[in-house]
Colleague: 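One structure follows; several queries about it will come next.
These numbers come from a predicted model, not from an experiment. The chains referred to below are lettered A, B, ... by the order of the sequence lines, with proteins before strands, and numbering in each begins at 1.
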Amino acid sequence: MGCRLIAEDPRHGPVTGRIVEVEAYIGEEDRASHARFGRTTRNAVMYGEPGLAYLYLVYGMHTCLNVVTEPSGRPTAVLIRAIEILTGVELARANRIAREAALKRFRGDAAALARVGARIAATPTERLASGPGLVGAAFGLDPTMTGLDLCDPDSPLRIELDPGAGPVTVRVTPRVGIAYAGEPWTSRPWRLLVAGNRSVSAPTGSA
DNA sequence: TGAATGATGCACT
DNA sequence: GTGCATCATTCAC
């Protein structure tokens, strides 16, 4: 929280933004975590070095970005749920449009594509990455980026301190979309968000 | 090999 | 507020 995410596009430059909402997934005992079944091919990187990126496809279409947080052998990760985009805004919009076009397979339906373009052009900048799937779309992320070192200043996908960020109030709530996990995991206050920030995901963002 | 199921977002009512 | 798109990953057989 309070750091910046930077995604370098070799052709079009970087998109950067401030992380304003995250969720923690802690250990195999956390029934909401991808590590709840133990180590698998998909989640192996969660057992790796802290600072590595873990990206996966959810609901068959959205890419979510996580950061491994604890030393090797203990599967923990933080899901980046929302970002306030600071630079590369137009590239972020283009990424959003491209992702949605790919998703809907318009097959040359120019009118439908134009409607998506118009809607995203009208989306306020602060809502371009206000959800975990939207972060993936706006920053042009995909699961093949798993394993990148987010702490490496030379990495095309990285996290840096944000000296420009002033003091903020951090609010905690239960995590979103994990009803299947059961108690006590559904109630654990492991979602963190910047209070009052307009880039926080709806609908619980106002909580 | 097969079936169930999501760490979601959008269109429509 | 409800329904749906869409498929990799997972577990059970």
Side-chain angles (χ1 to χ4, degrees), chain A residues 1 5 19-47 53-69 75-83 92-93 95-107 109 111-124 126-147 172-193 199-207:
Chain A
M1 293 281 280
L5 179 74
I19 297 168
V20 295
E21 178 182 342
V22 300
E23 281 177 0
Y25 291 84
I26 310 178
E28 293 180 348
E29 64 274 23
D30 179 357
R31 302 313 286 171
S33 171
H34 282 182
R36 64 188 180 278
F37 299 121
R39 188 181 186 130
T40 63
T41 340
R42 177 174 66 157
N43 69 21
V45 73
M46 290 180 79
Y47 292 76
Y54 169 43
L55 299 96
Y56 65 88
L57 209 57
V58 70
Y59 298 121
M61 59 196 92
H62 302 295
T63 300
C64 293
L65 170 64
N66 300 256
V67 188
V68 178
T69 49
T76 56
V78 165
L79 169 67
I80 310 294
R81 283 191 57 89
I83 287 182
R93 282 188 205 282
N95 286 340
R96 281 285 311 273
I97 294 168
R99 189 63 58 100
E100 205 163 314
L103 218 58
K104 303 199 171 180
R105 304 188 196 291
F106 285 133
R107 286 190 279 252
D109 185 343
L113 185 56
R115 280 195 295 276
V116 168
R119 174 169 50 76
I120 293 178
T123 300
E126 68 267 19
R127 304 304 297 174
L128 281 177
S130 57
L134 298 180
V135 168
F139 283 78
L141 309 181
D142 71 77
T144 67
M145 296 169 177
T146 292
V172 298
T173 81
R175 294 173 292 180
V176 174
I178 55 154
Y180 63 88
E183 294 295 355
W185 309 106
T186 50
S187 297
R188 287 278 146 88
W190 287 350
R191 172 173 177 245
L192 281 66
L193 54 97
S199 297
V200 166
S201 70
T204 36
S206 54

Colleague: Report the secondary structure of DNA chain B in dot-bracket form, marking unpaired bases with a dot and bases paired to a different strand with |, and treating Watson-Crick or G-U pairs with both distances under 3.5 Å as paired.
Modeller: ||||||.|||||.
Colleague: Using the side-chain heavy atoms of A:T41, tell me which of these nucleotides is nearest: C:dT10, B:dC10, B:dA7.
Modeller: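 Nearest listed nucleotide: C:dT10.
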Colleague: Has A:Y180 got its ring stacked on B:dG6, by the test of a centre gap below 5.5 Å and a plane angle below 30°?
Modeller: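 So A:Y180 does not count as stacking on the base.
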Colleague: Counting only side-chain heavy atoms from C-beta out, which of B:dC10, B:dA7, C:dT10 sits nearest to A:K104?
Modeller: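 Closest nucleotide among those given: B:dC10.
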Colleague: For the pair A:D30 (side chain) and A:Y25 (backbone), establish whether a donor and an acceptor sit closer than 3.5 Å, ignoring hydrogens and angles.
Modeller: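 No; zero donor-acceptor contacts below 3.5 Å.
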Colleague: Expressed as a whole number of angstroms, how long is the span from A:W185:CH2 to B:dG6:C1'?
Modeller: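 These atoms are roughly 19 Å apart.
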Colleague: For the pair made of CG in A:N43 and P in C:dT10, what is the distance, rounded to whole Å?
Modeller: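 Rounded to whole Å, this separation is 6 Å.
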Colleague: Round to a whole Å and report the spacing from CD of A:E28 to P of C:dT10.
Modeller: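 So the CD-P distance, A:E28 to C:dT10, works out to 13 Å.
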Colleague: Locate the shortest heavy-atom distance separating A:E28 from A:Y47; write the atom from each residue and the value.
Modeller: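 Taking A:E28 first and A:Y47 second, the nearest heavy atoms are OE2-OH, 2.5 Å.
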Colleague: State whether the distance check finds a donor on one side and an acceptor on the other, under 3.5 Å, for side chain A:Y59 versus base C:dA5.
Modeller: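 There is none.
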Colleague: Using OP1 and OP2 only, check whether a side-chain N or O of A:H62 sits under 4.0 Å from B:dA7.
Modeller: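 Checking A:H62 against B:dA7: no side-chain N or O falls below 4.0 Å of OP1 or OP2.
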Colleague: Compare side-chain N and O positions of A:R96 against OP1 and OP2 of B:dC10 and report whether any pair is under 4.0 Å apart.
Modeller: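 So the side chain of A:R96 is within the cut-off, an N or O lying under 4.0 Å from OP1 or OP2 of B:dC10.
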Colleague: At less than 4.0 Å, is any side-chain N or O atom of A:R42 found next to OP1 or OP2 of C:dT10? Yes or no.
Modeller: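 Checking C:dT10 against A:R42, a side-chain N or O does come within under 4.0 Å of OP1 or OP2.
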Colleague: So which one's nearest nucleotide on DNA chain B is more toward 5', A:E100 or A:I178?
Modeller: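 Counting from the 5' end, the first nearest nucleotide belongs to A:I178.
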Colleague: When all nucleic acid strands are considered with a 4.0 Å heavy-atom cut-off, which category describes A:R119: base, sugar-phosphate, or nothing?
Modeller: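 Sugar-phosphate: the residue A:R119, judged by heavy atoms under 4.0 Å, touches backbone atoms but no base.
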Colleague: Within the distance-only criterion (no hydrogens, no angle test), does the side chain of A:R96 pair as donor or acceptor with the backbone N or O of A:L134 below 3.5 angstrom?
Modeller: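 Judged by distance alone, no pair lies under 3.5 Å.
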Colleague: What is the distance, to the nearest angstrom, from the CG atom on A:L55 to the C1' atom on B:dA7?
Modeller: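 Between C1' of B:dA7 and CG of A:L55: 13 Å.
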Colleague: Using every non-hydrogen atom in the two residues, find where A:L141 and A:V135 come nearest and quote the distance to one decimal.
Modeller: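 For A:L141 versus A:V135, the nearest heavy atoms are CD1-O, 4.3 Å.
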Colleague: Short question: side chain of A:T146, backbone of A:L55 - any donor-acceptor pair under 3.5 Å?
Modeller: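 Present.
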Colleague: Does A:F37 have A:R42 sitting over its ring (NZ/CZ under 6.0 Å from centre, angle to axis within 45°)?
Modeller: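 No, A:R42 does not sit over the ring of A:F37.
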Colleague: Would you indicate what A:G133 reaches in the nucleic acid, counting non-hydrogen atoms under 4.0 angstrom: base, sugar-phosphate, or nothing?
Modeller: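 Sugar-phosphate: the residue A:G133, judged by heavy atoms under 4.0 Å, touches backbone atoms but no base.
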Colleague: Please give me the minimum heavy-atom distance between A:A35 and A:P75, naming the atom from each residue.
Modeller: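 Taking A:A35 first and A:P75 second, the nearest heavy atoms are CB-CB, 3.6 Å.
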Colleague: A:Y54 OH to B:dA7 C1': how many Å, rounded?
Modeller: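 My rounded result for the distance is 9 Å.
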Colleague: If you only use heavy atoms from C-beta on, which nucleotide in B:dC10, C:dA5, C:dT10 is closest to the side chain of A:M61?
Modeller: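 Nearest listed nucleotide: C:dA5.
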Colleague: Take atom CG of A:L193 and atom P of B:dA7, then tell me their distance rounded to the nearest Å.
Modeller: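 Distance check: A:L193 CG to B:dA7 P gives 20 Å.
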Colleague: I need the CG-P distance between A:L113 and B:dA11, as an integer number of Å.
Modeller: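 Taking CG of A:L113 and P of B:dA11, I get 13 Å after rounding.
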Colleague: Rounded to the nearest angstrom, tell me the gap between atom CZ in A:R191 and atom P in B:dA7.
Modeller: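 Distance check: A:R191 CZ to B:dA7 P gives 16 Å.
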Colleague: Would you find a donor on one side and an acceptor on the other, under 3.5 Å apart, between the side chain of A:R191 and the backbone of A:E21?
Modeller: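 No, A:R191 side chain to A:E21 backbone: no donor-acceptor pair under 3.5 Å.
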